[in-house]
Amino acid sequence: MIDISWKITRLEIINKDGLDNVAIQSCFDVEGVDENGKRGFTQSDVMLGAPSSGNFTPIDQVTEEQAIAWTKAALPNNGADFEARVIEQIGWQYEEKPAAADLPWLNSEAAETVAAEA
C-alpha cells in the first residue's frame, strides 16, 4: 500500500471582480511512501477557477483541505495523474541498493592516463 499526501505550498492571490485576495493559482507537492519506506515525489502548479461572490471564501478562512480540493478540481482527472507519477517512481526503486559496476574500460583508461603522465 502506498500512502499519498498532498500539500499546498503557495496560493497566488489577486483582487478580482470586487473580491479581495482571490486565490488564482496553487503550487503543490504530492508525495507517496510505501510500507517499506520507499518514497516518490512531484510538484507543480495549476491555475484555479475563478470564484463568484456566492462561493467565495476569504483567504484567511481557507483551510488546507479546501485548498487541496480546489487544486485537485482544477487538474485533469482530479490530480490522479500526479498520484500515478508518484506511485510509478516508487515502483522503479529496488529493494537492494544498487552498486556501481566495475567498468574495465574506465580502469584501462585510468591506467593509461597515469602511465602517460609519468
Side-chain angles (χ1 to χ4, degrees):
M1 183 180 136
I2 297 176
D3 182 32
I4 301 285
S5 62
W6 286 71
K7 181 177 182 178
I8 305 304
T9 58
R10 183 179 177 97
L11 289 175
E12 295 285 336
I13 57 174
I14 63 169
N15 297 329
K16 181 176 166 98
D17 300 330
L19 300 172
D20 293 334
N21 300 322
V22 176
I24 60 161
Q25 183 175 14
S26 173
C27 302
F28 61 91
D29 296 346
V30 181
E31 183 177 14
V33 62
D34 75 0
E35 62 276 0
N36 298 313
K38 294 188 293 183
R39 296 182 175 277
F41 175 83
T42 190
Q43 62 187 166
S44 192
D45 61 89
V46 66
M47 298 302 291
L48 302 173
S52 66
S53 58
N55 70 353
F56 176 70
T57 304
I59 198 69
D60 62 347
Q61 295 176 21
V62 173
T63 65
E64 184 175 21
E65 292 77 21
Q66 191 172 26
I68 290 169
W70 291 345
T71 300
K72 287 182 173 184
L75 292 166
N77 301 319
N78 206 35
D81 296 342
F82 287 93
E83 293 182 4
R85 189 175 307 149
V86 168
I87 291 167
E88 185 177 42
Q89 286 176 3
I90 292 170
W92 291 337
Q93 297 174 34
Y94 298 98
E95 295 299 325
E96 181 181 329
K97 184 177 179 179
D102 185 19
L103 304 175
W105 60 88
L106 292 180
N107 290 337
S108 65
E109 286 176 17
E112 289 172 14
T113 303
V114 170
E117 291 176 356

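Using a distance-only test at 3.5 Å, with no hydrogens or angles considered, no donor-acceptor pair links the side chain of Thr42 to the main chain of Val30. A donor-acceptor pair under 3.5 Å is absent between the side-chain atoms of Glu31 and the main chain of Ser5, judged by distance alone. Using a distance-only test at 3.5 Å, with no hydrogens or angles considered, a donor-acceptor pair links the side chain of Asp34 to the main chain of Asn36.
The distance from the CD atom of Glu88 to the CG atom of Asp81 is 11.0 Å, given to the nearest 0.5 Å. We find the CZ-CD distance between Arg10 and Gln25 to be 8.5 Å, quoted to the nearest 0.5 Å. Between the CD1 atom in Ile2 and the CD1 atom in Ile87 there is a gap of 5.0 Å [rounded to 0.5 Å]. The CG atom of Asp29 sits 11.0 Å away from atom CG of Asp45, with the distance rounded to the nearest 0.5 Å.
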(request) Please test Lys7 against Glu64 for side chain to side chain contact (heavy atoms under 4.5 Å, CB included), starting from the C-alpha separation and ending with a verdict. (result) CA-CA 8 Å; Lys7 181 177 182 178; Glu64 184 175 21; 3.9 Å; yes
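Of the options Thr9, Val46, Leu11, Thr71, a side chain to side chain contact (heavy atoms under 4.5 Å, CB included) to Cys27 is made by Thr9 and by none of the others.
Glu83 and Trp6 are linked by a side-chain donor-acceptor pair at a separation below 3.5 angstrom, with hydrogens and angles left out of the test.
With a 4.5 Å cut-off on side-chain heavy atoms, Gln66 and Thr57 count as touching. Contact annotation: the side chain of Phe56 never approaches that of Asp17 to less than 4.5 Å [non-hydrogen atoms, C-beta and beyond]. Residues Asn15 and Asn21 have side chains in contact (heavy-atom distance under 4.5 Å, counting atoms from C-beta outward). In this structure, Ile4 and Phe82 have side chains that are not in contact, with every pair of non-hydrogen atoms separated by 4.5 Å or more.
The minimum heavy-atom distance between Trp70 and Leu48, with the atom names listed, is O-CD2, 3.7 Å. Nearest heavy atoms, Ala67 versus Ile8: CB-CG1, 3.8 Å. Taking each heavy atom of Ala74 and Met47 in turn, the nearest pair found is CB-O, 3.5 Å. The shortest non-hydrogen separation linking Ile90 to Arg39 is CG1-C, 3.5 Å.
Taken together through direct or relayed side-chain contacts under 4.5 Å among Ile, Leu, Val, Met, Phe, Trp and Tyr, Phe28 and Ile59 form part of one hydrophobic cluster.
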